[in-house]
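Can you read through this structure? Questions will come right after.
Labels below follow one simple rule: chain letters A, B, ... track the order of the sequence lines, proteins then strands, and each chain is numbered from 1.
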2 protein chains.
Amino acid sequence: MSNIREVARRSGVSVATVSRTLKDPQVVSPQTRARVLKAVDEAGYRPNLLARNFSSGKSFAVMVLVPNIANPFFSRVIRGIEKAAQDQGYSVLLGDTKGQSVNEQFYAGMALTNQADGLIQLDSSYPFADKDATLAASVPMVNACERIAEDDRYPVVELDNHGAAQAIAQHLLALGHRRIGVITGPVASPIVRDRLAGFREALEKRGLQLGSERVIEGEFTMPSGQRCAKALLSDTPAPTAIFCMNDEMAIGAIHQVKRMGMTVPGDVSIAGFDNIEFSQFTDPPLTTIDQPAEVLGRYAMETLRLMIDGKPLKSSRTILPFNLVLRESTGPYQDA
Amino acid sequence: MSNIREVARRSGVSVATVSRTLKDPQVVSPQTRARVLKAVDEAGYRPNLLARNFSSGKSFAVMVLVPNIANPFFSRVIRGIEKAAQDQGYSVLLGDTKGQSVNEQFYAGMALTNQADGLIQLDSSYPFADKDATLAASVPMVNACERIAEDDRYPVVELDNHGAAQAIAQHLLALGHRRIGVITGPVASPIVRDRLAGFREALEKRGLQLGSERVIEGEFTMPSGQRCAKALLSDTPAPTAIFCMNDEMAIGAIHQVKRMGMTVPGDVSIAGFDNIEFSQFTDPPLTTIDQPAEVLGRYAMETLRLMIDGKPLKSSRTILPFNLVLRESTGPYQDA
DNA sequence: GTGAAAGCGCTAACAG
DNA sequence: CTGTTAGCGCTTTCAC
């Protein structure tokens, strides 16, 4: 592995000049520049970025804490983060936490040992260990797609969850549905509460109550969607529409409806959230909320970059618009 | 940010002793150890791993090149990689290449600047730029789930693709199917060719030919599966079974069969490959090949680690067994 | 068992 | 425009 000294030797200049040639070429004379670049080429020299980063005190890496990398929605967010990171000369460290705080603490801790310059948290928990809290206070972090519960110290990039849930509710109401069930995500999550509030509000505007027997907590997984749908549909009278707070649960719910010998949307309308690619290929295709996932990721990364560089943020809360995607899993209320 | 000197000062020892206490505690006296650890605690000291890594000349990070992070099969592989990496004190840098060589070269290049100690390539292309080839020769790399075409310099961790495709063929043959179509992945991929060869071989053992009009090249995506199924089913006589080389394409194919007013498996049997979680929730649930994705990832990381440490490999080729998962998307041949 | 000191490869004052 | 030099924080001989 050749180093900067070797290049300096080969081109007969000092290491400082080599360094300058590489990072600020126009400050050295054309002749020197040519000579250095030639030597770089001949030596097969690549700067050791480990050394450069160490020298600058920064890793130029960000850690992304993702609760479940197998969730295609998060994949898209990560794509957005990665693209933005690449544009800014940063690399992306992946921390798949599976929602467990032991993993969060492990990965978040990497920012305390200078392995990452900042964190993007895609879950709703404070990722550091309590004992690290004071040290962690100086670590740049942004929350994306979620909000850390009861903690407004960190900037947030999120969807208009409240409005999106309202839109779903209005859509189902317009179709004539009155008995509507909801499969939420973990209620510890602020965005789950946002969505529930928006949904409830829309119903109440029409004079309808969302009874607690119609709200059931899932885990954002297909099996949990199936299980929750089963529970909701066992009630009498059963709901004629179910809003699921992500597409995976909606897929599980559709599966369950069919298993019970009913049809979607004939007997039960199902709506999802996220617009993952699979939602176009379910049978029937899923009515859902499209989230601008890549954009969420990009904004998160750009915001984090500002924090890392100590620049002021325009806003500590960025709320992106949703898009209601109407497909065939929702249909008019049918008199039983 | 406190450093090792600060801890040395606080505990009245030299920096060398602090360093030793942290990485090899039993070599310092108990009293000193206690004093140092106390000072570490009081100073809120965390070793700067950027410095440690620089000093040791290693990044303790591996770069994972993944063609499509939105593919849930790769998510599972990455999970396996990450878990193994964590166990070994390594971190995982993510490089979502989208199958484009410009991205591969960018991310692979990070190993040339000491930002990663090694590479795991999940695609079938040689990821370095041609001009970097000589430098790259010394970069540890392992191929997982795929093989770099015409390049046996790198160890491979893969499935028994040949056998798996044979098993699918035998299953379809046993159900009475004789006109069978295949939707492949990109034919540049060696594993696609392995699967095709295995499939063809199984047919030929029964005296059947796999005509080229029954083989069509997809892109491992749902839309391509749909498109290819449409093409295959427009032929007369149409195939009564289709083997898709991944689950996404199978999902697209099922979608298309239904669109054409036919049923699965009544009119057409569909089989997939990978056993992604969604394949349990399709309608009907998908017959497919289960790949031990996490294990593939773990082995890849463990193999890479051996290479990084300059240790000998037991084998340059690890082939893992598949598992045929029978569900309801395949059924007996029905006379038309 | 502990300390002094060199050095990892690069950057960035500071001189010239 | 270019060279000298002092670090960045840690590890690691080498002495004692």
| query | Given atom CD of Q115(B) and atom C1' of dC10(C), what is their separation to the nearest angstrom? | reply | 14 Å
| task | Go through the steps for F128(B) and L119(B) under the test side chain to side chain contact (heavy atoms under 4.5 Å, CB included), then give the verdict. | result | CA-CA 11 Å; F128(B) 292 99; L119(B) 256 46; 3.5 Å; yes
| note | Of dT11(C), dT2(C), dC10(D), the nucleotide closest to the side chain of T17(B) is dT2(C)
| Short side-chain N/O contact to dC10(C) OP1/OP2 from S56(A), under 4.0 Å | no
| said: Does a side-chain N or O of S55(B) approach OP1 or OP2 of dC8(C) to a distance below 4.0 Å, or not? | reply: no
| Which nucleotide in dG9(C), dG3(D), dC10(D) has an atom nearest any side-chain atom of N48(A) | dG9(C)
| field | Value in whole Å for how far the P atom of dT11(C) lies from CG of D24(A) | value | 11 Å
| message | Applying side chain to side chain contact (heavy atoms under 4.5 Å, CB included) to R52(B) and L49(B), what does each step give before you reach the verdict? | response | CA-CA 5 Å; R52(B) 175 178 293 181; L49(B) 293 197; 3.8 Å; yes
| Phosphate OP1/OP2 of dG9(D): any N3(B) side-chain N/O under 4.0 Å | yes
| task | Assign each of R33(B) and F54(B) to its nearest nucleotide of DNA chain C by heavy atoms, then name whichever residue's nucleotide is nearer the 5' end. | result | R33(B)
| query | Are E294(A) and K83(A) within salt-bridge range, i.e. N to O under 4.0 Å? | reply | no
| task | May I have the distance from L112(B) (atom CG) to dG9(C) (atom P), rounded to whole angstrom? | result | 16 Å
| query | Does T32(B) or A51(B) map to a spot on DNA chain C nearer the 5' end, using the closest nucleotide for each? | reply | T32(B)
| Expressed in angstrom and rounded to an integer, what is the separation of K58(A) atom NZ from dC8(D) atom P? | 19 Å
| At under 4.0 Å between heavy atoms, what does S19(B) touch on the DNA or RNA strands: base, sugar-phosphate, or nothing? | base
| Atom pair distance, as rounded to whole Å: CG in N114(B) and C1' in dC10(C) | 12 Å
| field | Whole-Å gap separating P (dG3(C)) and CD1 (I4(B)) | value | 12 Å
| request: Check the distance between dT11(C)'s P and L50(A)'s CG and give it to me in whole angstrom. | output: 13 Å
| query | Contact class for V18(B) (heavy atom, under 4.0 Å): base, sugar-phosphate, or nothing? | reply | nothing
| query | Going by an N to O cut-off under 4.0 Å, is there a salt bridge joining R46(A) and D132(B)? | reply | yes
| said: Here's a test of your reading of the structure: between Q26(A) and A16(A), which maps to the more 5' nucleotide of DNA chain D? | reply: Q26(A)
| task | Assess the side chains of E146(B) and S189(B): does a donor N or O sit below 3.5 Å from an acceptor N or O? | result | yes
| said: Between the base of dG3(D) and the side chain of R20(A), is one N or O donor paired with an acceptor at under 3.5 angstrom? | reply: yes
| field | Whole-Å gap separating P (dC10(C)) and CZ (R46(A)) | value | 13 Å
| said: I want to verify a distance call: between dT11(D), dT4(D), dC10(C), whose nearest atom is closest to the S14(A) side chain? | reply: dT4(D)
